[in-house]
2 protein chains.
Amino acid sequence: MSGQKASRHSSGPGDMVQEEHGTPDRDLRYRRVAAELREAIIAGEYAAGAKLPPEGTLAERYSVSRGTVRHALAVLRTDGLVTSRRGTRRTVLGGPRAQSFSELLSFTNWARSTGETPGGRVDRVVRRPAEPLDAEQLGLEAGAEVYLVLRLRTLSGEPVMVERSIYPARVGALVAELPPDTVSHTEALVMQGVLFTDADHTIDLTWADADDARLLDCPVGQVLLRERRRTTNPAGVPVEWSEDRYLPGTIAFTVHNSVATSTLGRRHSPRTLPVGTDGPPAA
Amino acid sequence: MSGQKASRHSSGPGDMVQEEHGTPDRDLRYRRVAAELREAIIAGEYAAGAKLPPEGTLAERYSVSRGTVRHALAVLRTDGLVTSRRGTRRTVLGGPRAQSFSELLSFTNWARSTGETPGGRVDRVVRRPAEPLDAEQLGLEAGAEVYLVLRLRTLSGEPVMVERSIYPARVGALVAELPPDTVSHTEALVMQGVLFTDADHTIDLTWADADDARLLDCPVGQVLLRERRRTTNPAGVPVEWSEDRYLPGTIAFTVHNSVATSTLGRRHSPRTLPVGTDGPPAA
DNA sequence: GAGTGGTCTAGACCACCGT
DNA sequence: CGGTGGTCTAGACCACTCA
C-alpha cells in the first residue's frame with residue numbers, strides 16, 4: 001500500500017481488511033470466493049491481461065454481498081494476481097504467484113509447497129546468555145538466557161542453507177525437547193501453541209564462516225545470500241530471531257508489491273540491523 | 001497477506017481493501033485516521049507493546065463509522081505498525097517502518113526518504129531489439145525494439161549500484177529524450193503520464209561484469225547483490241524491466257509480512273527468472 | 001452518459017480472549 | 001461473561017474511464 005507517483009498519482013497508503021487467524025480456507029465466504037477466482041485464473045479461464053467480471057456480477061454469481069466480493073478481490077490483489085483501477089474492470093496479471101506467510105516463515109513449508117523434499121539436521125543446540133544483538137532483537141535483557149539452534153537445511157538431500165535460530169528461553173525450551181529428527185521446528189512450535197504472526201526480514205549477503213563451510217561443504221569465505229528474520233506473536237513479543245545463509249544459486253527471494261501493498265524496502269545505513277559489511281573473513 | 005499457521009492458526013490469504021490511486025493523504029477519511037494514528041504512534045503516544053483503543057472508540061473519536069476505522073487500521077497493519085487478533089485490542093509493534101511503493105520503485109525516492117543524496121550518471125542509452133529475456137519480461141515479441149539505459153547510481157557521491165533498465169519502445173522514447181542530468185527517470189516518466197502500479201522483485205546475487213567493474217570501481221567477478229524488477233501499469237502491461245546490482249555492504253532489503261500480508265517468497269528452481277547460478281566469470 | 005471501482009455508513013452476528 | 005475484533009449485508013454516493 002502506499003505511495004505512488006507525483007502529479008497524477010501520488011502516494012497514499014494502501015489498505016487492507018482485517019483477517020481471521022486460523023480458519024479452513026472455504027469456511028469464510030470471502031475466502032471461498034477468493035479461492036474459486038484464484039483457481040479460475042490459474043486454470044486459465046481468465047488469461048493474463050483479461051478483464052474480470054464486475055464486482056456486482058461476481059456478487060450475484062457467488063450469492064454474496066459486494067463487500068465480500070471486494071474482500072476476496074483484495075486478497076487476490078495482494079497476491080499480485082489482479083490489479084484494479086477505478087473506472088475499469090479488474091485486470092488479471094501474469095507474473096509469479098506470491099506465497100503464503102507460512103511458506104515464508106518456515107523453510108519446510110516453503111520447500112513442500114514447491115514440491116521439493118526438505119530435510120536437514122541439527123548441528124547443535126546451545127543454551128547461552130543472549131549476546132547484545134540477540135537481546136536487542138528478542139527484546140530481552142542483555143544476558144538473558146536464549147537457545148541457539150544451528151541446523152543444516154537440505155533440498156532433495158543437497159545442502160542449501162545454514163540456519164541459526166535464536167529463541168527466548170521459554171520457546172527455546174520447547175525446541176530443545178523436540179525429537180532430533182523433527183523436520184519442521186516451526187510447525188512443532190505452532191502445535192504447541194506458539195503463535196507466529198508477523199515477521200521482519202532483512203536480505204543481504206555475507207561470507208561463510210567455519211560452521212557454514214563445514215555444513216555446506218564450501219570454502220570458508222564463500223559468498224552466501226543471507227536472510228535475517230525476527231518473528232513476533234500477536235502481542236508483538238519476539239518469538240524467534242534467525243539468520244539463514246543460502247548457497248548462491250540455490251535460491252532467490254521474490255516480492256510483489258503495488259500501490260496497494262508495500263512491505264518491501266531498502267536499507268542503507270544500519271538502522272536496526274547492521275548491513276553485511278564485515279567483508280570476507282581473512283580466510 | 002495470507003497464510004498462517006497450522007493447527008490453530010494456519011494459513012489462508014490475508015486480505016486487503018481496495019485503494020484509490022492518487023488522492024492527497026487527508027482527503028479520504030480512512031487516510032486521515034490512518035495518518036493521525038501513525039503520527040500518534042511515532043510520537044510515542046502509544047509505545048511499542050501498548051494497546052490501541054477499541055475500534056468503536058476510535059470511530060467515535062474521529063466521527064467515522066467503524067468500517068472506516070478498520071480500513072485505516074488495516075493500512076497500519078500492512079505497514080507493520082500494529083498487529084491484531086480477535087478478542088484483544090490491537091497491539092503496537094516496534095520494528096522497522098515499511099517504506100512506500102514509490103520508495104521501492106525508485107532509487108531516487110528511496111534515497112531521498114532516507115536523507116541521503118542520490119546521484120548518478122547515465123553511462124549509455126542503447127536502442128536495440130529485445131533479447132529473449134527482455135521480450136519475455138516486457139511481454140513483447142522477440143526482436144521488438146527496446147531501450148536499454150545503463151546508469152551508475154551513487155549515494156553522497158559514492159558508487160553504490162549499477163542499474164540496467166529496459167523499456168518498451170514507447171516508454172523508452174520518452175526516457176531517451178530526458179536531459180542527461182535527470183536524477184529520477186521514474187519521476188520524469190510519471191510526470192509524463194506513465195503509470196507504475198505493480199512490481200515483481202527478485203533478489204539474489206551475481207558477479208560483476210566489465211561494465212559493473214568499471215562503473216563501481218571494483219574487480220570483475222566481485223559479488224553483487226542483485227534486484228531484478230518488472231513493473232507494470234494498472235492494465236498489467238509491463239512498463240519497465242530493470243536489473244540493479246549493488247555493491248555488498250551498501251544496502252539490504254527489508255520486508256515486513258504477517259498473516260495478513262504476504263508478498264514475499266523464496267524461489268528455488270527457475271520459474272520465471274533464472275536464479276543467479278552463472279557463477280563468477282572466469283575473470 | 002453508462003459502467004465500474006473506491007469510499008462510507010449502519011447495523012447485525014459470531015468467535016475469541018481474558019477475568 | 002463482557003469486551004473486542006472478524007465477517008457479512010444493504011444501500012448510497014462519488015470519481016474515474018471509455019465509447
Side-chain angles (χ1 to χ4, degrees), chain A residues 1 8-9 12-34 51-60 62-77 82-91 193 195 197 233-235 259-260, chain B residues 1 4 8-9 12-24 26-34 51-60 62-77 82-91 193 195 197 233-235 259-260:
Chain A
M1 86 217 18
R8 32 215 307 169
H9 267 189
D15 28 355
M16 16 180 33
V17 168
Q18 317 306 328
E19 179 203 353
E20 211 204 321
H21 284 70
T23 322
D25 256 32
R26 321 206 86 130
D27 279 18
L28 286 328
R29 308 219 214 197
Y30 79 90
R31 292 199 185 188
R32 206 189 106 244
V33 174
K51 301 289 189 193
L52 245 39
E55 297 173 353
T57 306
L58 292 172
E60 278 183 31
Y62 295 106
S63 306
V64 297
S65 73
R66 190 183 155 217
T68 300
V69 166
R70 285 178 60 77
H71 195 160
L73 289 168
V75 173
L76 299 186
R77 171 158 172 180
V82 302
T83 346
S84 61
R85 191 173 43 144
R86 177 159 42 192
T88 67
R89 304 242 272 254
R90 282 182 169 75
T91 307
L195 304 184
T197 58
N233 69 17
V259 290
Chain B
M1 91 266 1
Q4 265 100 314
R8 31 212 311 165
H9 270 187
D15 29 355
M16 15 177 39
V17 167
Q18 316 307 324
E19 179 205 352
E20 211 204 318
H21 281 72
T23 322
R26 323 203 84 126
D27 280 19
L28 285 328
R29 309 217 212 196
Y30 78 91
R31 292 199 186 184
R32 207 189 105 245
V33 174
K51 301 289 191 196
L52 245 40
E55 298 174 353
T57 306
L58 292 172
E60 276 183 34
Y62 294 107
S63 307
V64 296
S65 72
R66 189 182 157 219
T68 300
V69 167
R70 286 178 60 76
H71 195 162
L73 289 168
V75 172
L76 299 187
R77 174 163 171 176
V82 302
T83 347
S84 61
R85 191 171 44 145
R86 178 159 37 194
T88 68
R89 305 241 272 254
R90 282 182 169 75
T91 307
L195 304 184
T197 56
N233 69 18
V259 289

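Within every chain, numbering begins at 1; the chains are lettered A, B, ... in the order of the sequence lines, protein sequences first and strands thereafter.
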How far apart are the C-alpha atoms of B:Leu58 and B:Val33, what are their side-chain angles, what is the distance that settles it, and do they pass the side-chain contact (heavy atoms from CB on, under 4.5 Å) test?
CA-CA 9 Å; B:Leu58 292 172; B:Val33 174; 5.8 Å; no
Which nucleotide wins on minimum distance to the side chain of [X], given the candidates [options]?
| X | options | value |
| --- | --- | --- |
| A:Arg77 | C:dG6, D:dT4, C:dC8 | C:dG6 |
| A:Arg70 | D:dT7, C:dA15, C:dT7 | C:dT7 |
| A:Arg85 | D:dG6, C:dG5, D:dC18 | D:dC18 |
| B:Ser84 | D:dG6, C:dC8, D:dT7 | D:dG6 |
| A:Ser65 | C:dG5, D:dT4, D:dC8 | D:dC8 |
| A:Tyr30 | C:dC17, D:dC8, C:dC8 | D:dC8 |
| A:Arg29 | C:dC8, D:dT9, C:dG5 | D:dT9 |

[N] [atom2] sits how many Å from [X] [atom1], rounded?
| X | N | atom1 | atom2 | result |
| --- | --- | --- | --- | --- |
| A:Arg86 | C:dT7 | CZ | P | 7 Å |
| B:Leu28 | C:dG5 | CG | P | 18 Å |
| A:Arg32 | D:dG6 | CZ | P | 22 Å |
| B:Leu73 | C:dC8 | CG | C1' | 15 Å |
| A:Leu58 | C:dT4 | CG | C1' | 12 Å |
| B:Glu55 | C:dA15 | CD | P | 17 Å |
| B:Leu52 | D:dG5 | CG | P | 9 Å |
| B:Asp27 | D:dC16 | CG | P | 11 Å |

Determine whether the side chains of A:Ser84 and A:Arg77 contain a donor N or O and an acceptor N or O closer than 3.5 Å.
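Their side chains do contain a donor-acceptor pair, which is all the 3.5 Å distance test asks for.
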Is the closest side-chain heavy-atom distance between B:Thr83 and B:Arg90 below 4.5 Å?
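A side-chain contact under 4.5 Å is absent here.
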Less than 4.5 Å apart, side chain to side chain, heavy atoms only: is that true for B:Arg85 and A:Thr197?
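Answer no - side chains too far apart.
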Any side-chain N or O of [X] under 4.0 Å from OP1/OP2 of [N]?
| X | N | answer |
| --- | --- | --- |
| A:Arg90 | C:dG6 | yes |
| A:Arg89 | C:dT4 | yes |
| B:Thr68 | C:dT9 | yes |

Using heavy-atom distances to pick each residue's nearest nucleotide on DNA chain D, tell me which of B:Pro54 and A:Thr88 is more 5'.
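The residue whose closest nucleotide sits nearer the 5' end is B:Pro54.
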Which value, rounded to the nearest 0.5 Å, describes the distance between B:Leu52 atom CG and B:Leu76 atom CG?
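Rounded to the nearest 0.5 Å, the CG-CG separation comes out at 8.0 Å.
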Kindly indicate whether the side chain of B:Arg66 and the base of D:dG6 share any N or O donor-acceptor pair separated by less than 3.5 Å?
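Yes, the side chain and the base share a sub-3.5 Å donor-acceptor pair.
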